[in-house]
Amino acid sequence: MKILVCIKQVPDMESKFKIAGDATWYDSGDLAWRMNEYDEYAVEQAVQLKSQVGDADLTVLCIGPQRVQETMKKALAMGCDRGVHIADDEPFKKDPFEIASIIAEFATDKKFDMIFTGMQSQDRGSAQVGILVAELLNIPSISTVVDFAFADGKVSAKRELEGGIKALVSCATPALVTCQLGMNTPRYPTLPNIMKAKRKELLSFPAADLLKVEGKQETAKVYFPEKKGGGLVLEGAAGDLADQLIQILKEKTAVLA
Amino acid sequence: MKALLVAEYRDGQLLASSYELVAFAQELGADSAMFLVGSDSALPQYDGTLHLADSGKYSEFNPAVHKQLLLDVIAKEQPEMVVFSHSSYGWDLAPRISLALGAAHASEVVEIVDGVPVVPVCNAKLRRQISAKTDQIVVTLQSGAFGLSSDPVGTPTVEKIDTDTAAQVEFGGYEEAEAGGVDLSKAEVIVSAGRGIGKPENLTIIEDLARALKGEYGASRPVVDSEWVDHSRQVGSTGQTVSPKLYVACGISGAIQHLAGMKKSEYVIAINTDKDAPIGEVADVLVVADLKEFVPALTAKLTA
Ligand SMILES: Cc1cc2nc3c(=O)[nH]c(=O)nc-3n(C[C@H](O)[C@H](O)[C@H](O)COP(=O)(O)OP(=O)(O)OC[C@H]3O[C@@H](n4cnc5c(N)ncnc54)[C@H](O)[C@@H]3O)c2cc1C
């Protein structure tokens, strides 16, 4: 069985963001980078599927600058067999359709039986790429999956809907699923596996080789939202803050009555 | 301008969120028509053309088939804009449509400024304006970003639609969220734990504060996904919707899906080390502090 998992490297969301010079993205300096949270579930599910079927080959793919190889190494240490790095210094300049087209162009002749992606990225959050890849490859896709099972060439999945209700959906392979938070428990790479990952194949080639389409949209501007909340902000020593807050609770709410 | 609104239907009911699309079209001053895979028995209150496919025949979830039904309507109506909710139904179907149309596609739109859709970036810390290079555009609207100011009224002119497209997936029905556990919707005070608690042992800090305030404790999704807290205590779009007199968010960043569950709270206190955390936007008071120090200090003073 051939499995592909697509991941993205994103900044830690607790970072202090700055706007980049041309105001079309955030400044990438001084940020801590990590694997997109949704993709951790995708990698874990792909690794679990590989161990379930035994005879499987699992490729992890990532588009981005050189630094994304660090994130790819984590996926390799989690159990992916090989890495495909599609080098692009400014992937944020490509729209979801272009990103998906690059992935589909790579995958088109590789005959993957299963493709996993995160349901969305934590930074751009378009929730489009996975489904677009499947549509471009003309295979079925199931999005927002919190429960995945594979048996007899068939995928049985649970999609998560609003309110925590789940829809039971199944389809034949080849297929693609986009992974939602909580789908499984992503493993921590062990030290021996981190060492082993260093020797795994990690190919890199330029995105331009695979990009054959034109984007449908571009970012006009990225900016900080106007602060509307205007709530009170308290800073200082914990003990003093507690006194202040108790005073506020007494004045503004009835809960301490 | 003409907008085609993709309404939603679940378990035999029209979803009220469909009216957010109507509000959006009104705000833009756009002419509209509506598309629904639903039934005659639950029609939207809407003055306009409703292109209606039978969910009994085409199923409530059937992307390839719904896609073809919708593409046929788009070919007929020629809308400049196709509008979905940014929901499990909308974000699944919308990319299939934008790709087929070769149209630009803006996800989770929160507003339109000078005709340009605006979407959140990085957990709503930033915003982004998207300019389309195509004549047609597909948008999905953030839940709650648009709303009618009064109850919906009207009677649609129904046009029945059909297709013989084959399904790609099989829909096997719904599974309810696990029942049981606590009913947070009745709690007057809720103290919620977010990923900022760091480890499950720190949950006692949150429980202690909840007890001191005579309330219940809740949690954000990662705390539930990690199985530190039962799902019945999850607050948010895929958990409980709560409206207590006091909501205390401890180590919760304030993602839109969490806010969806607690923004009707009367008074909100957030405790967060990150002064820029989006929870600050809905909090009456943001205490910038490490919850591991501040919360026990607060509990101690409350119980002294
Ligand atoms: C379709 C969908 C549905 C979803 N449904 C829900 C839902 O129902 N409910 C829900 O909650 N989420 C839901 N989510 C997930 C949501 O998008 C966020 O990922 C989640 O709410 C984040 O939880 P958090 O704030 O606890 O964690 P994070 O976003 O990781 O935030 C942790 C916060 O803790 C702060 N912090 C860290 N350490 C400390 C400390 N020592 N003291 C004080 N503060 C600290 C950080 O500054 C940060 O702001 C959903 C997502 C999707 C895509």
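Not measured: the values here are computed from a predicted model.
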Chain A contact via B/Phe61 - side chain, backbone, both or neither, heavy atoms under 4.5 Å
side chain

Considering only NZ, NE, NH1 and NH2 on the basic side and carboxylate oxygens on the acidic side, decide whether A/Glu162 and B/Arg10 come within less than 4.0 Å.
yes

Considering only heavy atoms and a distance below 4.5 Å, find which of A/Ala175, A/Ala23, A/Ala100, A/Ser141 pairs most often with chain B.
A/Ser141

Whether A/Lys166 and B/Glu176 form a salt bridge (side-chain N of Lys/Arg under 4.0 Å from carboxylate O of Asp/Glu) is what I want to check.
no

With a 4.5 angstrom heavy-atom cut-off, could you sort out which part of B/Ala277 is near chain A: side chain, backbone, both or neither?
neither

Interatomic spacing from CG in B/Asp225 to CE in A/Met183 - rounded to 0.5 Å
12.0 Å

Under a 4.5 Å heavy-atom cut-off, does chain A meet the side chain of B/Ala124, its backbone, both or neither?
backbone

Between A/Glu214, A/Gln244, A/Gln120, A/Met119, who has the most heavy-atom pairs with chain B when the cutoff is under 4.5 Å?
A/Met119

Would you say the side chain of B/Lys301 lies within less than 4.5 Å of the side chain of A/Asp243, judging by non-hydrogen atoms?
yes

Heavy-atom distance under 4.5 Å to chain A: side chain of B/Arg96, backbone, both or neither?
both

Which atoms of A/Leu245 approach chain B - backbone, side chain, both or neither, heavy atom under 4.5 Å
side chain

Spatial distance of atom OG (B/Ser253) from atom CD (A/Glu14) [nearest 0.5 Å]:
7.5 Å

Is it the side chain or the backbone of A/Ile19 that comes within 4.5 Å of chain B heavy atoms, both, or neither?
side chain

May I have the step-by-step check of salt bridge (Lys or Arg N to Asp or Glu O under 4.0 Å) for B/Arg128 and A/Glu218, ending in yes or no?
CA-CA 10 Å; B/Arg128 184 162 82 99; A/Glu218 54 199 10; over 6 Å; no

Tell me, side chain or backbone of A/Tyr223 under 4.5 Å from chain B's heavy atoms, or both, or neither?
both

What part of A/Ser126 is in contact with chain B, defined as an atom under 4.5 angstrom from a non-hydrogen atom: side chain, backbone, both or neither?
both

B/Val189 versus chain A, heavy atoms under 4.5 Å apart: side chain, backbone, both or neither?
side chain

Looking at A/Thr253, is its backbone amide N or carbonyl O close enough to the side chain of B/Lys245 to form a donor-acceptor pair, meaning the two atoms are under 3.5 Å apart?
no

Dump the intermediate steps for salt bridge (Lys or Arg N to Asp or Glu O under 4.0 Å) on B/Asp276 and A/Lys16, then the final yes or no.
CA-CA 8 Å; B/Asp276 298 324; A/Lys16 183 122 190 102; 2.5 Å; yes

Taking every heavy-atom pair that is under 4.5 Å apart, which of A/Val155, A/Leu249, A/Asp123, A/Thr178 has the most such pairs with chain B?
A/Asp123

Can you tell me how far CD of A/Glu160 sits from OG1 of B/Thr238, rounded to the nearest 0.5 angstrom?
4.5 Å

When you look at CG of B/Asp135, are more than 12 heavy atoms from neighbouring residues, nucleotides or ligands closer to it than 6.0 Å?
no

Side chain, backbone, both or neither of A/Val10 within contact of chain B (heavy atoms, under 4.5 Å)
neither

Which atoms of B/Asp274 approach chain A - backbone, side chain, both or neither, heavy atom under 4.5 Å
side chain

Report which part of B/Val118 has an atom under 4.5 Å of a heavy atom belonging to chain A: side chain, backbone, both, or neither.
side chain

